[in-house]
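See below for the structure under consideration.
As the structure is a computational prediction, the values presented were derived from the model and not from experiment.
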Amino acid sequence: MTATAPPRRAPEAGPGSGKTAAGRRLRPRVVERLRQGGLPYLLLLPAVLVELLIHIAPMFFGILISFKNLTLFYIHHWNSAPWAGFDNYKTAVKIHQPIGQALLHSFWVTLSYTLLSVSISWLLGTAAAILLQDKFRGRGLIRTLFLVPYALPAYAALITWTFMFQQDTGLVNHVLHDQLHVTSDKSFWLIGDNSFWAMVVVSVWKSWPFAFLALMAGLQNIPRELYEAAAMDGAGVWQQIRKITMPSLRPVNQVIVLVLFLWTFNDFNTPYVMFGQNPPHQSDLISIHIYQSSFINWNFGSGSAMSVLLLLFLLVVTAVYLLVTSRGRSENDV
Amino acid sequence: MSRFTDQPSPMAQPKSFLWTRRVVLTLLLGFVLVPVYVMLSSSLKSLQDVQGSFQWIPHSLTFKPYIDIWKTIPLAHYFVNSVIVCVSATVFSVALAIFAAYGVSRYRFMGRKVFTVTVLSTQMFPGILFLLPLYLIFVNIGNSTGIVLNGSRLGLIITYLTFSLPFSIWMLAGYFDSIPRDLDEAAKVDGCGPLGALFRVVVPAAVPGIVAVSVYAFMTAWGEVLFASVMTNESTRTLAVGLREYATQNDVYWNQVMAASIVVSLPVVAGFLLLQRYLVAGLTAGAVK
């Protein structure tokens with residue numbers, strides 16, 4: 001795959017590198033025509049090929065194997081795996097059976113995790129972006145520091161949080177129990193009910209700088225005259241934020257919320273690094289759930305069926321979201 | 001390259017605003033920086049200290065964890081794996097993105113819109129959706145052709161290069177759009193082919209964008225966990241997976257884990273902070289368009 005780019009580069013760069021006109025006349029007509037009409041396609045070809053190999057083909061392949069009974073036994077000869085028809089899907093959605101029940105549970109956990117994390121991240125990002133809009137001493141430094149969670153490799157940051165949430169040696173219990181005396185015992189954060197909240201906190205920490213970053217850029221596009229006019233009319237800072245800043249940020253917000261939603265809903269890193277392959281029941285996110293059924297239980301067929309269901313859900317949510325927000329936008333314009 | 005301009009405030013702010021700003025920004029700074037402080041301070045503690053109750057201020061400082069991390073696990077080996085995989089993925093991803101972005105930016109052809117939408121939307125799909133089939137495809141390619149993709153660095157490189165590709169194409173196309181077409185037209189008049197114009201005129205003019213895209217591609221690959229955990233074996237393991245080995249059955253060497261985390265984070269954080277200005281403008285270009 002990677003070999004496709006360089007060879008094309010050589011002949012094409014030829015004329016550019018100062019070859020004579022005679023050399024160009026010898027070029028077959030087909031190549032010449034390809035150079036004219038087909039060039040954009042040639043330019044795109046390598047990218048299209050890798051996308052096909054890594055994204056598009058696996059997607060269709062995934063749909064195919066979701067209809068098969070693909071277990072460890074058939075991994076090396078997936079062709080010979082027996083057809084399952086809709087069995088994998090039926091098992092996945094039978095909510096009174098253990099598998100369906102677990103999937104549904106995992107879905108609700110993921111949904112609440114996502115909604116919480118996205119709304120808090122958005123809130124923090126908005127607050128930070130607005131509060132850092134005006135110039136004051138130290139603003140540049142704060143902006144840079146706020147981006148640190150975005151820059152740190154996910155697993156390094158997540159391991160650190162895991163350390164902080166350790167029951168005996170962690171900072172969280174030290175502060176809550178030893179220093180503030182808020183809790184009577186040193187609680188467990190990585191197992192039980194608390195694990196869900198620990199995961200939300202970490203997710204917010206990781207996600208909000210993205211909202212901050214995008215909103216900061218969005219704020220740049222609001223014309224200053226708007227604020228000046230509003231100030232002239234006697235609007236205070238708070239009113240300006242409510243009447244000018246927030247409405248102007250709507251298009252940016254629509255993108256941020258959608259992107260954060262999709263990222264968080266598909267989040268694998270956070271539970272995987274914090275809890276390993278067997279997360280606590282309360283923190284059983286859907287991507288880990290699918291990972292388990294595929295790579296721990298070696299049932300690819302059912303794992304794929306769950307993936308396809310997840311994809312369908314996300315497609316529907318995205319479509320509805322885009323419809324609703326774009327309608328809101330056009331109404332606003334009128 | 002748009003930068004964050006300093007907008008003088010239109011009017012004097014009331015006390016309530018200033019106080020809100022102080023309080024909120026202080027809390028946020030604490031939230032952001034406490035884990036970084038924990039990482040740094042714990043990496044300088046002895047094992048005995050990290051195994052006791054947490055101390056904000058270390059009793060004594062030691063650099064021993066930074067020496068031990070290389071012995072406890074084959075960290076250097078994982079580091080080399082990560083560097084090879086991430087650098088290759090970055091180079092190929094950016095190269096492919098330059099060609100594709102040039103096509104999208106300079107030509108109007110059938111399927112242009114379909115291409116951009118399809119490529120961008122692949123980024124939205126759950127990674128787990130690709131992982132299972134891709135794993136099987138790699139295993140099957142290995143069985144039928146002998147090209148080992150599963151468990152090899154090559155497989156991981158090909159996979160990673162597609163992660164940043166859509167965004168890189170999108171961002172670079174935007175960059176190329178901002179470079180006047182007259183420039184490459186002039187180059188073509190002077191006898192350059194389209195690709196000559198690309199490499200002699202457009203690419204040099206887009207260096208900041210290419211740098212930003214490269215850093216983004218590198219960061220994406222450097223922090224990836226899911227595919228690394230499935231598609232590597234003992235000899236090709238990357239840092240993302242290897243770091244977990246500081247946890248043995250009896251002990252977790254937390255001071256070494258933190259020291260290793262610092263070492264692993266340094267390349268990307270340094271790169272990010274150095275190129276922050278370009279990155280921020282580039283990463284957000286999409287959101288404000």
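Put simply, of R112(B), R244(B), R108(B), the one with the most heavy-atom pairs under 4.5 Å next to chain A is R244(B). In terms of non-hydrogen atom pairs under 4.5 Å with chain B, the most contact-rich of Q179(A), M306(A), M164(A), M232(A) is M164(A). Comparing S294(A), A128(A), A230(A), A157(A) by how many heavy-atom pairs each has under 4.5 Å with chain B, the most go to S294(A). For the options L25(B), V24(B), V34(B), L243(B), heavy-atom pairs under 4.5 Å to chain A are most numerous at L25(B). The choice from V119(B), T118(B), L165(B) that makes the most heavy-atom pairs within less than 4.5 Å of chain A is L165(B). Among the candidates I169(B), L28(B), V269(B), the residue making the largest number of heavy-atom pairs closer than 4.5 Å to chain A is L28(B). Annotation: maximal heavy-atom pairing with chain A below 4.5 Å, among V36(B), V50(B), T162(B), occurs at T162(B). Among V201(A), L64(A), N266(A), L314(A), the residue making the largest number of heavy-atom pairs under 4.5 Å with chain B is N266(A). Ranking D168(A), L124(A), V148(A) against chain B, the residue ahead of the rest is L124(A), based on heavy-atom pairs under 4.5 Å. Ranked by heavy-atom pairs under 4.5 Å with chain A, the first of S53(B), A240(B), G103(B) is A240(B).
Checking side-chain atoms of W222(B) against main-chain N and O of V268(B) turns up no donor-acceptor pair under 3.5 Å. Without hydrogens or angle criteria, S168(B) side chain to V94(B) main chain gives no donor-acceptor distance under 3.5 Å. Although no hydrogens or angles enter the test, the distance criterion places a donor-acceptor pair under 3.5 Å between the side chain of N140(B) and the main chain of L136(B). A donor-acceptor pair under 3.5 Å links the side-chain atoms of Y102(B) to the main chain of P194(B), judged by distance alone. The backbone N or O of M110(B) sits less than 3.5 Å from a side-chain atom of Y41(A), completing a donor-acceptor pair.
Looking at Y272(A) and L226(B), their side chains never come closer than 4.5 Å, going by heavy atoms from C-beta outward.
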Pair F163(A)-L171(A), side-chain contact (heavy atoms from CB on, under 4.5 Å): steps then yes or no: CA-CA 8 Å; F163(A) 175 53; L171(A) 166 138; over 6 Å; no
How far apart are the C-alpha atoms of W263(A) and F210(A), what are their side-chain angles, what is the distance that settles it, and do they pass the ring pair (Phe, Tyr, Trp, His ring centres under 6.0 Å) test? CA-CA 11 Å; W263(A) 279 351; F210(A) 172 77; 4.8 Å; yes
Tell me, with the steps shown, if Y160(B) and F227(B) meet ring pair (Phe, Tyr, Trp, His ring centres under 6.0 Å). CA-CA 9 Å; Y160(B) 281 1; F227(B) 285 73; 7.4 Å; no
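Proximity to chain B is absent for every atom of L258(A), based on heavy atoms less than 4.5 angstrom apart. At a 4.5 Å heavy-atom cutoff, the contact between L273(B) and chain A is made by side-chain atoms alone. For chain B, the nearby part of L132(A) is the side chain; its heavy atoms alone come within less than 4.5 Å. Proximity to chain A (any heavy atom under 4.5 Å) is shown, for L266(B), by neither the backbone nor the side chain. Both the backbone and the side chain of I54(A) come within contact range of chain B, judged by heavy atoms closer than 4.5 Å. Heavy atoms of V259(A) lying under 4.5 Å from chain B belong exclusively to its side chain. When heavy atoms are compared at a cutoff of 4.5 Å, W161(A) approaches chain B solely by way of its side chain, counted from C-beta outward. Residue T220(B): no heavy atom, backbone or side chain, is found under 4.5 Å from chain A. For chain B, no part of F60(A) is nearby; none of its heavy atoms comes within less than 4.5 Å. For chain A, the nearby parts of V264(B) are the backbone and the side chain; heavy atoms of each come within less than 4.5 Å. For a residue to count as touching a neighbouring chain, one of its non-hydrogen atoms must lie under 4.5 Å from one of that chain's; by this rule I159(A) touches chain B with backbone and side chain alike. For L158(A), no part sits under 4.5 Å from any heavy atom of chain B, backbone or side chain. Interface remark: M258(B) contributes side-chain atoms only to the contact with chain A (heavy atom separation under 4.5 Å). For a residue to count as touching a neighbouring chain, one of its non-hydrogen atoms must lie under 4.5 Å from one of that chain's; by this rule F31(B) touches chain A with backbone and side chain alike. Contacts between T20(B) and chain A at a heavy-atom distance below 4.5 Å involve backbone atoms as well as side-chain atoms. Only the side chain of L262(A) has a heavy atom closer than 4.5 Å to any heavy atom of chain B. Proximity to chain A is absent for every atom of V215(B), based on heavy atoms less than 4.5 angstrom apart. Of the atoms belonging to V139(B), it is side-chain heavy atoms, and not backbone ones, that fall under 4.5 Å from chain A. Heavy-atom distances place the side chain of L315(A), and not its backbone, under 4.5 Å from chain B. In this structure, chain A has a heavy atom under 4.5 Å from the side chain of V230(B), while its backbone stays farther away. Contacts of I65(A) with chain B are made by side-chain atoms alone, with heavy-atom separations under 4.5 Å and no backbone atom involved.
Aromatic ring orientation, F265(A) versus F313(A): tilted (interplanar angle from 30° to 60°). In this pair, F146(A) and F212(A) present their aromatic rings perpendicular. The plane angle is above 60°, beyond the 30 to 60° band. Using bins of under 30°, 30° to 60° and over 60° for the plane-to-plane angle, the ring pair F295(A)/Y291(A) lands in the tilted bin.
Few gaps surround CH2 on W56(B); more than 12 heavy atoms of other groups in view lie less than 6.0 Å from it.
The cationic atom of R21(B) (NZ for Lys, CZ for Arg) lies less than 6.0 Å from the six-membered ring centre of F136(A) and within 45° of the ring axis.
Test L129(B), L132(B), L131(B), L134(B) against P58(A) for side-chain contact (heavy atoms from CB on, under 4.5 Å) and you get one pass: L134(B).
Here D178(A) pairs with K186(A) under the salt bridge (Lys or Arg N to Asp or Glu O under 4.0 Å) rule; sequence neighbours left out. Every ring pair (Phe, Tyr, Trp, His ring centres under 6.0 Å) that F17(B) has, sequence neighbours left out, goes to W238(A).
Within the model, atoms CG of L152(A) and CG of L147(A) stand 11.0 Å from one another, a figure rounded to the nearest 0.5 Å.
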